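Everything below concerns the one structure shown next.
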Amino acid sequence: MNSDLPKLSLFNSLHRQVEEIQTINPGKISLYTCGPTVYDSSHIGHARSFIAWDVLVRYLREIGFDTTWVRNITDIDDKIINRAKLLGIEPEKLARIETYKFWRDMQALNIQWPDHEPKATENLPQMFDFIQGLIDKEHAYRTENNDVYFRVKSFNDYGQLKKLVCPDEVVSRIEHQDCKESNADFALWKGFAKDEIGFDSPFGHGRPGWHLECSSMIKRYLGETIDIHGGGEDLVFPHHENEIAQSEALHQKKFANYWIHNGMIMVDGKKMSKSEGNFITIEKALQSFSGNAIRFFVLSAHYRQPVNYTEQALEAAQVGINKLLKSVEAFNTDKYPPAPLTGGVKAKRDSSEKQIFDQAAIDEFHKAMSDDLNTPCALAILFDLAKRINKAEENTGILGNTLAKLLDVLGFNLQEKPLSSQAAVDNKALYDFLLQQRREARELKNFAKADQIRILIEQSGYKLKDSPQGTELIPV
RNA sequence: GGCGACGUAGCCAAGUGGUAAGGCAGAGGUCUGCAAAACCUCCACCACCGGUUCAAAUCCGGUCGUCGCCUCCA
């Protein structure tokens, strides 16, 4: 840890204020963020959340924290079962397919692999122990239909995140279920008939409650108390509230010291969501925009603000990130490879090679990022570097090093070309011929012909860019 | 109804007491055969009304508007 760095502060949802991070163990951070339920494609809203926490992890490592990051995969769930039934395939198969799609999306967005990515189905014994522990302490009870519920009234600190006045009052909309002692109680285990999809457990055949997996995985991989727990703002209640209740009731100690939540992506003033049907999948967005552009779009707003999704915003993001990448492309970006394809890679970057950076810019960057991850401000610092590089009035080597490093800390893929030129590659022979013709025309000062070829190429969707190195095709 | 967030230029978006970062779009200019890129210049009475203060986008009160959560949710 470098003590000269500004102290990292984050908005802690527990106390609704920005707080300086004090870790349990000096120099180490344990972080858990909620992952996907693999039943359908991820959309831009999910991308925002995953990018935000990816940037947090990258920044934590940048300022020297030994960070252990866990993100789960919910691979057993009613939504998966229902969707699989609809498709006529086994739920495990659907979950497997969607998990691969999720990984592919994460790779396209250059999101690092967590150190652990546990699946719910691989942590059942841990969940059983968790439930039994709660039953033993009378924080949970079994019902005659083999459900197990958490007894919310037995946990006095319920409502830390949401500041509920009275749990019963808040859940008054829920239909009363006779088997439950109180409406506020939530399922740890749902009993199902033997012929239904489920698992055998000490409590009978059935399936785990949604909240349970996170609590038991956190216990398994990170311990009873962790530094930071993150997720989407829409998970605050009931998901995170119930995680706290379960874990703190069982362990009699603090569950997570800091809770961080990202704001929602909006479409036409409404939250992007599956149920609203107003979502753009990551896959779809990648057809028109680069992974870097999506990341730029996400980082151009503060992570807690709601952000409106528009094509226009994505286009602006694409132009913006292209400009930054353009400024840095002449420099050695090989030092910053894309996120690795395998998980559990902690040592991110080779820092053995001494590099010279523009310390003032780095300091400013740290200041912005340490202030609750002010990425819009951080991006402004990057644009300032790009401008100085383009002016070429200073030592561009140092500035280029700095820009490359900071782009990398924000998780931009420096190997990605500023713009995808796939179509140009597909028709390479044709374009090469046209460009050759135009070059000859220009050499003979036949500018009329040169312009005709320019117009022809421009009509096929490319801009021409002449430079001493030759002519470049840039897709519009 | 309860709890919470937000309203800053055509668009996106920082800034939370000392007088408005940055990006996109646009205008003018420099440089190029033209164009592009790059660079320079220009572009905001901070939703409204009161109040506190020497000083308010920023703090307080109110009004209007938008959104989120309240057992599918990133």
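Fair warning: this is a prediction, and the values are worked out from it, not measured in the lab. Each chain gets a letter, A, B and so on, in the order the sequences are listed, and its residues count up from 1.
Counting any heavy atom pair closer than 4.0 Å across all strands shown, A:Glu315 reaches no nucleic acid atom. Among the protein residues, A:Ala301 comes within range of the sugar-phosphate backbone only, with heavy atoms under 4.0 Å from sugar or phosphate atoms but none that close to a base. A:Trp53 comes within 4.0 angstrom of no nucleic acid atom, judged by non-hydrogen atoms across all strands. Base engagement by A:Arg438 is indicated by at least one non-hydrogen atom pair under 4.0 Å involving a base atom. Residue A:Met266 is in sugar-phosphate contact alone, with no base atom involved, counting any heavy-atom pair closer than 4.0 Å across all strands shown. A:Asn262 comes within contact range of at least one nucleobase, with a heavy-atom separation under 4.0 Å. Using a 4.0 Å heavy-atom distance criterion, A:Leu382 is classed as making no nucleic acid contact. Using a 4.0 Å heavy-atom criterion, one finds that A:Gly231 contacts the sugar-phosphate atoms exclusively. Across all strands, A:Ser275 comes closer than 4.0 Å to base atoms (heavy-atom distances). In this structure, A:Lys271 reaches the bases: a heavy-atom distance under 4.0 Å links it to at least one base atom across the strands shown. Among the heavy atoms of the strands, none lies under 4.0 Å from A:Leu379. Base contact: A:Asp451 has a heavy atom under 4.0 Å from a base atom. Within 4.0 Å (heavy atoms only), A:Phe383 reaches sugar-phosphate atoms of the nucleic acid but no base atom.
Between A:Leu444 atom CG and B:C34 atom P the separation is 18 Å, expressed in whole Å. Across the protein-nucleic acid pair, A:Glu311 atom CD and B:C12 atom C1' stand 15 Å apart, rounded to whole Å. Straight-line distance from the NE2 atom of A:His261 to the P atom of B:C6: 16 Å, rounded to whole Å.
Among the nucleotides B:C34, B:C24, B:A74, the one closest to any side-chain atom of A:Ala316 is B:C24. Comparing B:G68, B:C39, B:C34 against the side chain of A:Asp466 picks out B:C34 as the nearest. In this structure, the nucleotide among B:A74, B:A14, B:G23 sitting nearest to the side chain of A:His302 is B:A14. The nucleotide whose nearest atom lies closest to any side-chain atom of A:Arg16 is, among B:C70, B:C3, B:A38, B:C3. Checking B:A74, B:C34, B:C6 against every side-chain atom of A:Gln305, the shortest atom distance belongs to B:C6. Closest contact between the side chain of A:Gln312 and the listed nucleotides B:C11, B:G68, B:A14 involves B:C11.
B:C11 and B:G50 are spaced 32 Å apart, taking the C1' atom of each and rounding to whole Å. Using C1' as the reference atom, B:U30 and B:A5 are 47 Å apart when rounded to the nearest Å. On the C1' atoms, B:G28 is 38 Å away from B:U66, given to the nearest whole Å. Look at the C1' atom in both B:U58 and B:U8: the space between them is 11 Å, to the nearest Å. Using P as the reference atom, B:A57 and B:A21 are 14 Å apart when rounded to the nearest Å. The C1' atoms of B:C46 and B:G18 are separated by 16 Å, rounded to the nearest whole Å. For B:G61 and B:A74, the P atoms lie 36 Å apart once the distance is rounded to whole Å. Annotation: B:C6 and B:A14 have their P atoms spaced 11 Å apart (nearest Å).
Comparing A:His46 and A:Tyr303 against RNA chain B, the residue whose closest nucleotide sits nearer the 5' end is A:Tyr303. Toward the 5' end of RNA chain B, the nearer of the two residues A:Ile44 and A:Asp384, judged by each one's closest nucleotide, is A:Asp384.
In this structure, A:Phe279 has its ring center no closer than 6.0 Å to that of A:Tyr309. A:Phe186 and A:His211 have their aromatic ring centers within a separation under 6.0 angstrom. Separation of the A:Trp103 and A:Trp113 ring centroids falls under the 6.0 Å cut-off.
Here B:G50 sits opposite B:C60 as a Watson-Crick or G-U wobble pair (both hydrogen-bonding atom distances under 3.5 Å).
Under 4.0 angstrom from either OP1 or OP2 of B:U66 there lies no side-chain N or O belonging to A:Lys270.
Nearest heavy atom pair, residue A:Leu212 against residue A:Leu188, reads CD2-O, 3.5 Å. Among all heavy-atom pairs drawn from A:Ala293 and A:Gln318, the shortest one is CB-OE1, 3.3 Å.
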